[in-house]
Colleague: 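Pasting in a structure now, in structure tokens, and then I'll have a few things to ask.
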Protein chains: 2
Amino acid sequence: MDQPEKFKDIWVVEDNHELRHTLEEVIDSEPDLICSMSFRRCEDLITALQKESPPQIILMDIGLPGMSGIEGLHHIRSLSPATQVIMLTIYEDDDKVFESLCAGAIGYLVKGQTTLKIVESIRVVLDGGAPMNARIARKVLTMFSRFVSPQADYALTRREQEILELLVQGYSQKQMAAQLNLSPLTVATHMKNIYAKLHVHSRTEAVVKALRERLI
Amino acid sequence: MDQPEKFKDIWVVEDNHELRHTLEEVIDSEPDLICSMSFRRCEDLITALQKESPPQIILMDIGLPGMSGIEGLHHIRSLSPATQVIMLTIYEDDDKVFESLCAGAIGYLVKGQTTLKIVESIRVVLDGGAPMNARIARKVLTMFSRFVSPQADYALTRREQEILELLVQGYSQKQMAAQLNLSPLTVATHMKNIYAKLHVHSRTEAVVKALRERLI
DNA sequence: GCTTCAATACCCTGTTCTGGGTAGTTTGTC
DNA sequence: GACAAACTACCCAGAACAGGGTATTGAAGC
């Protein structure tokens, strides 16, 4: 370990010198936090992650030149899954913020916040929370519930629904026929009708639509 | 319409008389909010939803006798998808809270809160947000990212990855070849290799695996 | 210099799918 | 009892796919 156990290590990736130094100072002025490394480019962070022992938290600018913060996020997730990433953003209500959360960020920090607020967000993460406002939380929830409950209605009949499910399970038409005690020709008919209702022209497209829109 | 347009209608489902009346009063004392109906049982709410025009928001006790709040939630989602549901809970850090969010609730309200806090939560929802604390938000995020990135590694090469993406977009082998300036036979070779690496035997299975395990 | 791997390209054969039909039988609803 | 919708089954032709090969080229690593 580079630091004694009791210190929580926090790295910073931010191309603006001033902000980067401010963040470093704020972190270091806390008795139990330390900013052992900071970077102006995402690429340098990746290199460091492959050599050094990873930090608890990374503060990452969302709009970096070169490799973007979101791209960098993916690298971090695979190099050090335990590291939590807080995104730094100018606009709270940015689509990029939401995108980051989808990519595995744990929350975000709006630039230009008070020192108190910066430390608070870090503490929220260390405390097992996710710093975000209610509106972003709603976006996440909405997207989340799309995974959980179906929406669109293509008026599939019961049989068609059943066949769509088998389709997603990788059954061939012949296998479906065997499973459902039908003629393969009947299954083919149902498939044609499913395609028409979903406005697709191949099993692949049907499966993608079924999975993406939670039809199954 | 039962109420003039400018009033936001909010229903309450809570078996405790006292709390129910408190909530009614708090809502009605706001100039633009009205509590036109309240129930002590979820079953009565369902009945009402089938007859009356649905409210903007329902405050729902999470631990009702008879039909539980979460069960009721499912009925609300299908009867009136536009209605937002705020759960009423005793413990903030309850698994049931999280369960409710999965079932489509938009947030929650801890019982015993100040009048100010109750109104604030309602306003957050009306304002397009989702009232929840950072810890719950983290739970949602974690669950969410489980859907988004389980990240298995099948060691696909760059070309194979590229072809898998086109596959998910519904391209035929011939179309892929045109898109990538390759011979259709080359695409076929890559497809075979992809199948072998993903341990599948058809496009359908490959697409399902790619979407389910977020390989794309 | 040798090896390994990715990427490219081809052959062949049999299977499966797609999309255009038609048509009889159930089933549910008014 | 009438009618619509759903379910069933079939024909056909052309396209696409799956799976078994082989082979060349160029770049990366040892």
Side-chain angles (χ1 to χ4, degrees), chain A residues 43 46-47 50-51 75 78-79 150 152-213 215-216, chain B residues 50 78 151-213 215-216:
Chain A
E43 291 83 347
I46 310 292
T47 312
Q50 288 165 332
K51 290 184 214 159
H75 289 274
S78 62
L79 286 170
D153 185 14
Y154 293 96
L156 295 183
T157 67
R158 193 169 306 171
R159 214 30 152 187
E160 288 161 358
Q161 185 71 32
E162 203 170 2
I163 285 179
L164 184 60
E165 278 159 31
L166 292 179
L167 182 61
V168 171
Q169 284 168 48
Y171 282 62
S172 71
Q173 290 183 179
K174 196 185 284 184
Q175 289 172 321
M176 291 181 201
Q179 177 77 22
L180 302 173
N181 279 317
L182 291 177
S183 153
L185 295 162
T186 303
V187 174
T189 301
H190 287 308
M191 291 282 284
K192 280 190 279 192
N193 294 333
I194 292 172
Y195 289 173
K197 286 183 180 177
L198 299 188
H199 308 295
V200 298
H201 303 279
S202 69
R203 343 179 96 224
T204 308
E205 288 178 278
V207 166
V208 170
K209 201 149 192 166
L211 286 176
R212 285 247 167 92
E213 304 187 16
L215 304 179
I216 44 99
Chain B
Q50 287 163 333
S78 62
Q151 297 295 31
D153 185 13
Y154 293 96
L156 295 183
T157 68
R158 191 169 306 172
R159 214 28 152 188
E160 287 161 0
Q161 185 70 31
E162 203 170 0
I163 285 180
L164 184 60
E165 278 160 31
L166 292 179
L167 183 61
V168 171
Q169 285 169 48
Y171 283 61
S172 71
Q173 291 183 177
K174 198 185 282 186
Q175 289 172 322
M176 290 181 201
Q179 177 78 23
L180 301 173
N181 279 316
L182 291 176
S183 154
L185 296 161
T186 304
V187 174
T189 302
H190 287 307
M191 291 281 284
K192 278 189 280 193
N193 293 334
I194 291 172
Y195 288 173
K197 287 184 180 176
L198 299 188
H199 308 297
V200 298
H201 303 280
S202 70
R203 341 179 98 227
T204 307
E205 288 177 278
V207 165
V208 170
K209 201 149 193 168
L211 287 176
R212 286 246 168 92
E213 305 189 13
L215 304 179
I216 43 97

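Naming: A, B, ... by sequence-line order, numbering from 1 per chain. Everything numeric here is computed off the predicted structure, so don't read it as measured data.
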Colleague: Tell me: NE2 of H199(A) to C1' of dT18(C), nearest whole Å?
Modeller: 18 Å
Colleague: Heavy-atom distance under 4.5 Å between the side chains of L180(A) and R159(A), does that happen here?
Modeller: yes
Colleague: Check this one for me: any side-chain N or O of K174(B) less than 4.0 Å away from OP1 or OP2 of dA16(D)?
Modeller: yes
Colleague: Nearest 0.5 angstrom please: H201(B) NE2 to E205(B) CD, how far?
Modeller: 6.5 Å
Colleague: From the set dG19(D), dA9(D), dA9(C), return the single nucleotide nearest to any side-chain atom of K192(B).
Modeller: dG19(D)
Colleague: Looking at the side chain of Y195(A), which of dA9(C), dT16(C), dG19(C) is the nearest nucleotide?
Modeller: dG19(C)
Colleague: For R158(A) and dA6(D), is the shortest distance between a side-chain N/O and OP1 or OP2 below 4.0 Å?
Modeller: no
Colleague: Over how many whole Å does the gap from R159(B) atom CZ to dT25(D) atom P extend?
Modeller: 19 Å
Colleague: Expressed in angstrom and rounded to an integer, what is the separation of Q175(A) atom CD from dT16(C) atom P?
Modeller: 9 Å
Colleague: In whole angstroms, how far is the P atom of dG19(D) from the CD atom of Q173(B)?
Modeller: 11 Å
Colleague: Is it the case that the side chains of E213(A) and Y154(A) hold a donor-acceptor pair, with the cut-off being a distance below 3.5 Å and no angle test?
Modeller: yes
Colleague: Take the protein atom CG of L166(A) and the nucleotide atom P of dC17(C), then report the distance between them rounded to whole Å.
Modeller: 13 Å
Colleague: Can a side chain N or O of S172(B) be found less than 4.0 Å away from OP1 or OP2 on dA15(D)?
Modeller: no
Colleague: Have a look at T186(A) and say if it touches a base, only the backbone sugar-phosphate, or nothing, with a 4.0 Å heavy-atom cut-off.
Modeller: base
Colleague: State the CE-CE distance between M191(A) and M176(A), to the nearest 0.5 angstrom.
Modeller: 5.0 Å
Colleague: Name the residue closer to the 5' end of DNA chain C, choosing between M191(A) and N181(B) according to the nucleotide with the nearest heavy atom.
Modeller: N181(B)
Colleague: So what does H190(A) touch, heavy atoms closer than 4.0 Å: a base, only the sugar-phosphate, or nothing?
Modeller: base
Colleague: How long is the line joining CD1 of I194(A) and C1' of dC7(D), in whole Å?
Modeller: 13 Å
Colleague: Nearest to the side chain of R203(A), which nucleotide is it out of dG20(C), dC17(C), dA9(C)?
Modeller: dC17(C)
Colleague: Among dC11(C), dG19(D), dT18(C), which is the nearest nucleotide to the side chain of L185(B)?
Modeller: dC11(C)
Colleague: Rounding to an integer number of Å, can you tell me how far M176(B) CE sits from dA9(C) C1'?
Modeller: 17 Å
Colleague: If you assign each of T189(B) and S202(B) to its closest nucleotide in DNA chain D, which residue comes earlier from the 5' end?
Modeller: S202(B)
Colleague: Nearest 0.5 Å please: distance from the CG atom of L167(B) over to the CD atom of Q173(B).
Modeller: 9.0 Å
Colleague: Starting at CG of L182(A) and ending at P of dT8(D), how long is that distance when rounded to a whole Å?
Modeller: 5 Å
